[in-house]
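Please read the structure below before turning to the comments.
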Amino acid sequence: QVQVVESGGGLVQAGGSLRLSCAASGQPFSRYAMGWFRQAPGKEREFVAVITWSGTSTYYSDSVKGRFTISRDNGKNLVYLQMNSLKPEDTAVYYCAATPKAGGAMQPLGYDTWGQGTQVTVSS
């Protein structure tokens, strides 16, 4: 089973950018679709973005479409989430998740492995 660790969170002003990274180890990384989720205080964990095994397909939630970009480097076992035009409502703990389903999933239950999360805070 693959293990994942997120990094890159922090404090940024509204309108700014951050890039999150997710480093994977263990099973062949290229056989896992990777997703990003986030959870704000008092709210349920919500889908942000997913990228398929090969990286040829990506999907985004409506709330981040056009502002966030998910990508992966299978040679380095890394997944990225580039976040631009950040808004205060993007403030949350961001989680990286892995699933052996080639197309990934948009629900948390579709993932087998989760990281510990990285905090993103956007100030107004």
Side-chain angles (χ1 to χ4, degrees):
Q1 191 172 1
V2 69
Q3 293 84 42
V4 296
V5 178
E6 307 93 337
S7 62
L11 173 63
V12 64
Q13 288 188 332
S17 298
L18 278 175
R19 188 177 79 160
L20 305 183
S21 298
C22 173
S25 60
Q27 296 297 317
F29 177 63
S30 60
R31 292 303 185 100
Y32 284 80
M34 303 297 294
W36 284 98
F37 288 76
R38 65 187 183 186
Q39 188 166 18
K43 295 188 177 181
E44 293 186 352
R45 192 166 297 189
E46 67 169 348
F47 168 76
V48 174
V50 63
I51 188 165
T52 55
W53 284 5
S54 62
T56 54
S57 295
T58 57
Y59 302 92
Y60 300 90
S61 68
D62 288 342
S63 61
V64 307
K65 197 174 297 181
R67 300 188 297 123
F68 290 13
T69 302
I70 188 171
S71 61
R72 67 188 296 161
D73 184 336
N74 285 349
K76 295 182 178 179
N77 286 13
L78 288 168
V79 176
Y80 303 102
L81 185 69
Q82 177 66 43
M83 306 185 295
N84 299 329
S85 302
L86 282 161
K87 305 175 182 179
E89 50 263 43
D90 293 318
T91 296
V93 177
Y94 283 71
Y95 296 91
C96 175
T99 175
K101 301 183 182 79
M106 295 183 185
Q107 298 79 30
L109 287 177
Y111 291 82
D112 306 281
T113 300
W114 293 84
Q116 294 300 305
T118 185
Q119 176 71 45
V120 171
T121 303
V122 184
S123 63
S124 57

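Atom set for the values below is all heavy atoms of this structure, side chains included, hydrogens, waters and symmetry mates excluded.
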Within the side chain of [X], is there an N or O that forms a donor-acceptor pair under 3.5 Å with the backbone of [Y]?
{"X": "T118", "Y": "E6", "result": "no"}
{"X": "W53", "Y": "R31", "result": "yes"}
{"X": "R45", "Y": "Y95", "result": "no"}

Test: K65 and D62 ion pair at under 4.0 Å: yes
Cluster overlap M34 with F37, hydrophobic side-chain contacts below 4.5 Å: no
R38 side, atom CZ; D90 side, atom CG - distance, nearest 0.5 Å: 4.5 Å
CD on Q13 to OG on S124, rounded to 0.5 Å: 9.5 Å
So which heavy atom on [X] is nearest to which on [Y], and how close?
{"X": "G117", "Y": "V93", "answer": "CA-CG1, 3.8 Å"}
{"X": "A33", "Y": "G103", "answer": "CB-C, 4.2 Å"}
{"X": "L18", "Y": "L86", "answer": "N-CD1, 3.9 Å"}

is_close_aromatic(F68, W36), centroid dist under 6.0 Å: no
Distance-only polar pair, side chains of S71 and Q82, donor-acceptor under 3.5 Å: no
Under the side-chain contact (heavy atoms from CB on, under 4.5 Å) test, residues paired with A40 that sit two or more places apart: K43, A92
NZ or CZ of R19 within 45° of Y80 ring axis and under 6.0 Å: yes
